[in-house]
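All values below were derived from every heavy atom in this structure, side-chain atoms included, with hydrogens, water molecules and symmetry-related copies excluded.
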Amino acid sequence: MSNFQKTRNLGFIAHIDAGKTTVTERTLFYTHRTHKIGEIDDGTTVMDYLPEERKRGITITSAATTVHWNDYRFNIIDTPGHVDFTIEVERSLRVLDGAVIIFCARGGVEPQSETVWRQADKYKVPRLAFVNKMDRAGASFNRCIDMMKSRLRATPVPIQIPMGKEDSFTGVIDLIRMEAVYNSDEDEGTTVIREPIPNDYLEQARTYREHMIEILAEHSEKLLDKYVNSEPISEKEIHTVLRKATIANHIVPVLCGAALKNKGIQPLLDAIVDYLPSPNDIPPVEGIEPETGEIKLRKMVINEPFCGLVFKVITDKDTRLVFLKVYSGKISKGLVTQNMTCDKAERIARIFYMHANKRERADEAYAGDIVALTGLKFAMTGDTLCDPEHPIILEKIEIPEPVISLAIEPKKKVDEDKLLESLKKAGQDDPTFSFRIDNDTGQKVISGMGELHLEVVVNRLFEDFNVEVNTGKPQVVYRETVMKKITHESEFNKVIADKTHYAKLALQLEPLERNTGFFYVDNIKREDVLPAVHQWIEKTIISASHSGVISGYPLTDLKVTLLDVGYNPIELSELAICAVANIALNDALHKGKPKLLEPIMRLDVIVPDKYTGPVIGDINARGGQLQDITFNEDVSGNPSADVLKNITAQAPLSVLFGYSTSLRSLTEGRGTFNMKFSHFGDKND
C-alpha cells in the first residue's frame with residue numbers, strides 16, 4: 001500500500017539536449033535502481049530504450065520508472081524534449097503532481113522550454129528548476145535566471161549557486177544550510193562532501209541568501225517579521241515556506257549542477273523530497289457525474305470509489321499496455337471497471353509497475369499510483385475508468401492538432417491491408433498521429449506534429465510491423481465552380497440497335513457564395529413527367545458533380561436548377577435521359593466561366609512579439625491574408641516578461657507544406673501554430 005506522504009509523482013522535462021535523460025540516468029544510479037550509469041553516446045541508457053531513440057540520441061516516447069531515495073518513493077516519467085513529441089509531455093503533465101524542468105546553462109530558456117512551461121502552467125503543476133551543464137563553455141547561471149523571469153514569467157528562487165563555471169565548475173553552494181557541496185570524482189559522484197563555504201564565495205553566497213529570504217518573506221508573515229527585525233531564521237522555517245510557496249506555484253526553487261560530470265544530482269533528489277508535493281498535497285480531482293452533469297470530487301484516498309485516467313497506450317507486438325493514474329480508491333487484477341468515455345466494461349487482467357520497458361507485476365494499485373494495465377480492449381488516451389456503481393468522467397487530455405501531412409503507400413501491393421492495420425495501431429498509441437484515405441484522390445495521408453515525428457512513424461512501420469512504404473507530398477484537393485450565371489438547353493437523339501433514344505433538357509447554373517456547397521433543385525412542376533425521370537436526372541447530375549470540366553475536381557458553391565425536360569413517352573429511354581443531363585451540365589459548365597477553388601486554411605500562430613514582423617511577412621509572401629493580431633494573456637504580472645502575440649491568418653494549403661519547419665526557423669524555434677481547414681477560395685493562377 002502506498003505511503004502518500006512519502007510518495008512523489010514527478011516528471012523530468014526539458015528542451016532537447018538540455019541533459020534530461022542524463023539527469024534521469026544518474027538518478028537511477030544514485031537511488032540504486034541501476035548498477036551502472038547509462039550514457040546516451042554509448043547507447044546504454046535505460047530510459048531511452050527504443051532502437052530509434054538510441055540511434056538518434058534523443059527521447060521519443062515518455063518512459064516511467066519507480067525509484068527510492070531515503071525512504072521516499074519517486075514515480076518518475078522521463079519525457080521527450082523535441083517539439084514533435086510534445087503530446088508525451090502534455091499527457092504526462094496531466095497526471096503528474098510535480099515536475100523538474102531542466103535547463104542547459106549555455107542555452108538557457110530554449111523554445112521547447114517555453115512550451116513545456118506553458119503546459120505545466122495549464123495543469124498548475126508545481127516545479128523545480130535544475131540548471132544543468134554548468135561545466136560547459138558559455139555556461140551562465142545568472143543568464144538562465146534572467147531568462148526564466150523574462151521568457152517564462154516565473155519567479156525563480158535560487159537555493160543553490162555554482163562554485164565556478166565552465167572548466168572551473170567544482171560544486172554548488174547550499175544557500176539554506178550555507179555549505180559548499182561537492183561530489184567525489186573517485187566513485188562516480190556517489191560520495192557527497194559538505195564543507196564550509198570557501199572565502200572566495202562567502203560574500204556572494206550571503207548576497208544570494210539575503211535575496212532568497214526577501215522573496216520568501218513575501219509568502220510568510222512570520223518570516224517577514226523576523227526578516228524586518230533582523231532575527232535569526234532557521235533552516236526549518238525556510239524549508240516550510242519554500243515548500244508551501246512551491247506547491248502553491250508562487251515560486252520555483254532553482255538548483256544547478258553538471259549531470260554528465262556527476263555533480264549536483266543528490267541535492268536535487270533531496271529538493272524533490274523537500275519541495276515537490278506528495279499525493280496528500282494535491283487537491284481532490286474534479287469530474288462530472290454523467291447523468292446529472294453535476295461536478296463531483298474524488299479525494300486521493302483508498303476508501304473512496306475507484307477512478308483513474310488513461311494517459312498513454314502502447315501497442316507492443318501483440319500486447320496492449322494501458323498506462324493509468326489512479327486518482328482514488330484501489331484496483332486489483334481481475335477487477336471489472338467501467339470505461340465512461342465509450343461506456344464499455346473493461347476487465348483488468350494484470351497490473352504492472354514499469355521500469356522503462358521492463359514490467360514488475362503487482363496484485364493491486366492504490367490512489368496516487370501510476371501503473372500499466374493489460375486486458376483493456378477499448379481504453380484510449382484520455383479515457384476515464386471508474387467503479388461501475390460510482391460513475392464519474394474526468395477532464396480529458398487536450399490533444400494538439402497535427403500540422404504536417406505526407407502521402408504514403410506500401411512498396412508491395414500485398415502489404416496494403418497490413419499497412420492499414422499498422423497505421424491504426426500507431427494512431428492508438430499516439431493521438432497526435434492520424435491517417436485517412438482521401439475520398440477525392442484515393443491517397444493514404446498520414447498527419448503528425450512535424451517532419452521528425454512522421455519520419456519516426458515511417459521507420460516504426462518497418463521495424464515493428466515489417467511494412468516498407470513510399471512517401472511523398474499529399475495532393476492538394478481542389479474544387480471547381482462557375483463565375484457566371486447561365487441557362488442552357490441540350491438535346492440527345494440517337495438510334496441505337498434500331499431504337500430511337502431521344503431527350504432534351506434545360507437547366508440553369510448559378511454561382512453561390514464561398515463555402516456554401518453544391519445544391520441541386522428540381523423546378524419542374526408538370527405532372528406528365530414520370531417520377532422515374534426525375535430520379536434519373538437527379539442521380540446523373542449528382543454523380544456528374546463529383547467531376548468538373550477543368551481538372552475533374554468536385555463542384556462546389558454552385559446551384560444547378562432543372563428547368564424542363566422533354567422525351568417521347570412511347571419510347572421512354574433511361575439512356576437518353578441520363579445522357580442529355582450529363583451533356584447539358586457539361587456544356588453549361590464550359591459556358592459559365594469555370595473556376596478552380598483551392599483549400600484555404602486558418603492559421604493560429606503564437607510567437608514572441610519580436611518575431612511578429614517576420615512571421616507576418618512570411619504569411620503575406622505565401623499569399624496569405626492576415627485576419628487578426630491579439631496579445632496572449634499574461635497571467636504572471638511580470639512586467640519584464642516577453643509579450644506573446646496571437647496571429648490569425650488564412651492561407652492556401654498548397655503553400656503551407658513544411659510551414660512548421662519555416663516557422664521554427666523564423667522564430668528560433670519559439671513559435672507554435674495550429675492549422676485547420678477554413679473554406680475553398682479562388683485559386684490565384
Side-chain angles (χ1 to χ4, degrees), residues 13-18 20-21 24 40-41 43 45-64 77-92 111-112 115-116 311-317 319-321 323 356-357 380-381 399-411 415 418-436 444-474 657-661 663-664 669 672:
I13 297 166
H15 182 89
I16 191 170
D17 205 31
K20 173 181 43 57
T21 299
T24 308
I40 293 172
D41 292 343
T45 55
V46 174
M47 302 304 278
D48 288 352
Y49 57 85
L50 294 175
E52 195 76 12
E53 292 177 313
R54 292 184 170 178
K55 180 174 74 176
R56 296 176 183 272
I58 62 171
T59 304
I60 291 172
T61 183
S62 58
I77 297 181
D78 179 35
T79 64
H82 196 287
V83 65
D84 283 13
F85 310 106
T86 190
I87 181 58
E88 296 289 342
V89 182
E90 180 85 25
R91 56 187 177 184
S92 297
Q112 186 65 0
T115 302
V116 299
F311 69 94
K312 182 171 178 170
V313 177
I314 293 179
T315 305
D316 181 14
K317 295 180 181 176
T319 305
R320 193 167 186 266
L321 277 179
F323 286 74
N357 60 336
M380 302 290 286
T381 297
I399 308 297
E401 292 290 328
V403 297
I404 191 170
S405 299
L406 282 178
I408 190 170
E409 63 179 17
K411 283 188 176 180
D415 286 339
K418 196 175 178 182
L419 173 62
L420 292 176
E421 184 62 29
S422 302
L423 291 173
K424 182 180 176 182
K425 288 181 179 179
Q428 290 177 348
D429 291 2
D430 182 354
T432 58
F433 169 78
S434 64
F435 83 96
R436 60 186 171 84
K444 297 174 187 66
V445 179
I446 60 174
S447 301
M449 300 305 295
E451 293 171 2
L452 178 61
H453 183 200
L454 293 185
E455 187 181 327
V456 167
V457 170
V458 168
N459 288 344
R460 186 189 171 198
L461 289 175
F462 175 69
E463 291 172 359
D464 291 1
F465 304 110
N466 199 29
V467 179
E468 290 188 87
V469 297
N470 295 319
T471 61
K473 282 187 178 180
F657 292 122
Y659 182 68
S660 58
T661 305
L663 181 65
R664 290 173 197 170
T672 60

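With rounding to the nearest 0.5 Å, the separation of OG in S447 from CZ in F433 is 8.0 Å. Between the CG atom of L423 and the CZ atom of R460 there is a distance of 10.5 Å, given to the nearest 0.5 Å. T471 OG1 to L454 CG: the interatomic distance, rounded to the nearest 0.5 Å, is 9.0 Å. Taking CG of L419 as the reference point, atom CG of L461 lies at 6.5 Å (rounded to 0.5 Å). Between L406 atom CG and H453 atom NE2 the span is 11.5 Å, to the nearest 0.5 Å. Between F323 atom CZ and I77 atom CD1 the span is 8.5 Å, to the nearest 0.5 Å.
Under the ring-ring contact (aromatic ring centres under 6.0 Å, His included) criterion, Y659 pairs with F673, sequence neighbours left out. Residues forming a side chain to side chain contact (heavy atoms under 4.5 Å, CB included) with Q428 (at least two apart in sequence, or on another chain): T315, R320, M380, K424. Listed by chain and residue number, nothing satisfies the side chain to side chain donor-acceptor pair (under 3.5 Å) test with S422 (two or more places apart in sequence, or in another chain). When the side chain to side chain contact (heavy atoms under 4.5 Å, CB included) test is applied to P431, the partners found at least two apart in sequence or on another chain are I87, R91, T381, I399. The side chain to side chain donor-acceptor pair (under 3.5 Å) check on T661 picks up E451, with sequence neighbours excluded.
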